[in-house]
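Below, read A as the first sequence line, B as the second, and so on, with proteins coming before strands; counting in each chain starts at 1.
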There are 2 protein chains.
Amino acid sequence: MPLTAEAIQKLKEKMKGKGFKLTGPRRKILEYLAENDGHPSAQEIHAAIRQMLPGTGMATIYRTMDLLARLGLVRALVLNDNRLHYEIDRDGDHHHHLICTGCRRVEEFASCTFEHLIGDIESATRFVVKRHDLEAYGLCPDCAHKARCAGE
Amino acid sequence: MPLTAEAIQKLKEKMKGKGFKLTGPRRKILEYLAENDGHPSAQEIHAAIRQMLPGTGMATIYRTMDLLARLGLVRALVLNDNRLHYEIDRDGDHHHHLICTGCRRVEEFASCTFEHLIGDIESATRFVVKRHDLEAYGLCPDCAHKARCAGE
DNA sequence: AAATAAATGATAATCGGTCTCATTTACCTT
DNA sequence: AAGGTAAATGAGACCGATTATCATTTATTT
Ligand SMILES: [Mn+2]
Ligand SMILES: [Mn+2]
Ligand SMILES: [Zn+2]
Ligand SMILES: [Zn+2]
């Protein structure tokens with residue numbers, strides 16, 4: 001479910017509103033993230049942006065993703081393949097990730113039950129919890145099936 | 001709560017039992033992990049081992065940690081500082097981590113409620129879940145206090 | 001259109017982690 | 001207890017992801 005044109009416009013305005021320039025690379029990166037679902041790495045984003053702005057350098061991707069994360073527009077995720085991955089932070093859509101160790105497919109899941117737990121953790125530890133990451137690793141239905149056929 | 005001498009002995013035997021040599025570095029690394037609580041990085045382990053076995057190379061630390069993880073004796077953790085951290089896998093002590101973004105202090109917490117959820121996730125997504133990581137980031141009581149004094 | 005500070009691209013540098021290979025060592029076997 | 005053997009080690013090259021530097025370009029303000 002890609003973002004609507006209006007939602008994309010909002011993102012761009014948020015950026016300008018905070019005093020950051022809306023440059024070519026930034027515009028394209030925002031559009032790319034908004035129009036494509038998924039959890040691309042910096043490298044994948046770079047490859048995609050280069051199709052439209054061939055000169056774009058890798059450093060710009062890192063700088064932009066860092067900025068977008070600081071602005072709260074994207075979320076960075078650790079998917080255990082020694083690179084960061086990113087996704088648009090659609091507000092009100094808090095979810096977690098299930099990663100297939102067979103084919104690297106990423107499935108999303110929400111867990112409202114778990115969210116309630118944060119309060120318990122806070123009172124037990126006296127920490128102020130700002131953010132949490134939960135990733136589950138396992139086998140997707142396809143890979144689980146293949147594994148079963150191959151005999152554990 | 002460091003491990004007892006007998007528990008350490010068990011670890012060493014487990015290693016030999018599986019056909020791996022109990023070498024100087026391996027012995028020291030096991031003892032270091034068992035006797036010190038915490039969540040050291042490979043670099044921290046290296047520094048500690050070098051006090052006792054000055055010649056020890058970094059590659060040996062990585063190789064040993066990898067072996068210990070494969071043997072199920074240690075667990076590797078992602079604490080968002082772009083290096084892996086490790087801890088002895090005391091059996092039956094499944095817990096998660098709360099990381100203070102102010103001072104990097106790591107607190108442990110268990111969450112039996114959450115563990116139940118894994119089954120729900122499995123039936124909702126049809127994935128076979130093998131393992132999950134949950135980390136919460138926030139401010140420890142001290143850092144939260146300091147932040148409050150400094151005025152948000 | 002000119003002025004200005006921010007952003008970019010090329011490139012070097014850093015850093016965690018892996019690989020290679022000659023040398024050493026633990027653990028059999030005698 | 002010495003000798004044989006494969007596994008483990010240490011030194012250093014290597015790698016891929018990310019960050020830093022700096023001269024040039026560009027989005028915005030005038
Ligand atoms: Mn997602
Ligand atoms: Mn722990
Ligand atoms: Zn799969
Ligand atoms: Zn703290």
Side-chain angles (χ1 to χ4, degrees), chain A residues 9 11-32 39-71 73-74 76-86 104, chain B residues 9 11-32 39-71 73-74 76-86 104:
Chain A
Q9 199 50 38
L11 295 177
K12 293 178 182 170
E13 265 145 32
K14 198 156 187 172
M15 177 151 248
K16 293 184 81 166
K18 300 252 183 172
F20 296 99
K21 292 187 187 174
L22 185 52
T23 63
R26 286 178 179 172
R27 191 190 307 273
K28 288 297 183 207
I29 290 173
L30 268 179
E31 287 167 5
Y32 170 72
H39 305 87
S41 63
Q43 289 72 11
E44 289 166 331
I45 297 169
H46 186 229
I49 299 307
R50 255 167 179 281
Q51 313 256 47
M52 334 184 78
L53 283 179
T56 312
M58 197 68 222
T60 296
I61 307 296
Y62 283 113
R63 284 186 291 232
T64 303
M65 296 320 292
D66 186 63
L67 173 64
L68 295 177
R70 276 185 290 124
L71 289 176
L73 304 183
V74 309
L77 341 157
V78 173
L79 301 183
N80 256 25
D81 67 345
N82 26 312
R83 35 184 8 121
L84 282 179
H85 291 249
Y86 303 90
R104 289 271 131 201
Chain B
Q9 200 50 40
L11 294 177
K12 293 177 182 169
E13 266 145 31
K14 197 155 189 175
M15 177 152 247
K16 293 183 82 164
K18 301 252 181 171
F20 296 98
K21 293 185 184 176
L22 186 53
T23 63
R26 286 176 179 174
R27 191 191 308 273
K28 288 299 182 203
I29 290 172
L30 268 180
E31 287 167 4
Y32 170 72
H39 305 86
S41 63
Q43 290 73 12
E44 289 167 331
I45 297 169
H46 186 229
I49 299 308
R50 256 167 178 281
Q51 314 256 47
M52 334 184 78
L53 283 180
T56 311
M58 197 68 222
T60 296
I61 307 296
Y62 284 115
R63 282 185 290 233
T64 303
M65 297 319 293
D66 186 63
L67 173 64
L68 294 178
R70 275 184 290 124
L71 290 176
L73 303 182
V74 310
L77 342 155
V78 173
L79 301 183
N80 254 27
D81 67 345
N82 26 310
R83 22 163 46 103
L84 280 180
H85 291 250
Y86 302 90
R104 290 269 130 201

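Rounded to whole Å, atom C1' of dA17(D) lies 14 Å from atom CD of Glu44(A). Rounding to whole angstrom units, CD1 of residue Ile49(B) and C1' of dG10(D) are separated by 15 Å. In this structure, Met52(B) places its CE atom 16 Å from P of dT9(D), rounding to the nearest Å. Whole-Å rounding puts the Lys18(B) NZ to dA7(D) C1' distance at 18 Å.
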Enumerate donor-acceptor pairs with a distance under 3.5 Å from any side-chain N or O in residues 21-30 of chain B to protein atoms, sequence neighbours excluded.
unit_1, atom_1, unit_2, atom_2, d
Thr23(B), OG1, Arg26(B), N, 3.4
Arg26(B), NH1, Lys21(B), O, 2.8

Please set out all donor-acceptor pairs under 3.5 angstrom arising from side-chain atoms of residues 62-70 of chain B, sequence neighbours excluded.
unit_1, atom_1, unit_2, atom_2, d
Tyr62(B), OH, Gln43(B), NE2, 3.2
Thr64(B), OG1, Thr60(B), O, 2.7
Asp66(B), OD2, Arg70(B), NE, 3.2

In residues 11-20 of chain B, what donor-acceptor pairs under 3.5 Å come from side-chain atoms, sequence neighbours left out?
unit_1, atom_1, unit_2, atom_2, d
Lys12(B), NZ, Glu31(B), OE2, 2.7
Glu13(B), OE2, Gln9(B), NE2, 3.2

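Of all the heavy atoms in Ile61(A) and Ala42(A), the pair that sits closest is CG2-O, 3.7 Å.
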Pull out every protein N or O sitting under 3.5 Å from an N or O of nucleotides 25-29 of chain D, one pair per line with the distance.
unit_1, atom_1, unit_2, atom_2, d
dT26(D), O2, Lys21(A), NZ, 3.3
dA27(D), N3, Lys21(A), NZ, 3.3
dT28(D), OP1, Leu22(A), N, 3.3

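Residues satisfying the side chain to side chain contact (heavy atoms under 4.5 Å, CB included) criterion with Asn80(A), sequence neighbours excluded, are Val78(A), Tyr137(A), Val78(B), Arg131(B). Partners of His39(A) by ring-ring contact (aromatic ring centres under 6.0 Å, His included), not counting sequence neighbours, listed by chain and number: His97(A). In this structure Arg50(B) satisfies the side chain to side chain donor-acceptor pair (under 3.5 Å) test together with His46(B), sequence neighbours excluded.
Glu44(A) places a side-chain N or O within 3.5 Å of a backbone atom of Ser41(A) that can act as its donor or acceptor partner.
Between Asp81(B) and Leu53(A), it is Leu53(A) whose nearest contact on DNA chain C lies nearer the 5' terminus.
Taking five base pairs at each end of the helix from dA1(C)-dT30(D) to dT30(C)-dA1(D), the local helix axes there meet at an angle of 30°, rounded to 10°.
Nucleotides of DNA chain C with any atom under 4.0 Å from a heavy atom of chain A span, from 5' to 3', dA5(C) to dA10(C).
Residues from residues 55-67 of chain A with heavy atoms under 4.0 angstrom of DNA chain D, sorted by number: Ala59(A), Tyr62(A), Arg63(A).
To the nearest 0.5 Å, the span separating CG on Asp81(B) from CG on Leu84(B) amounts to 9.0 Å.
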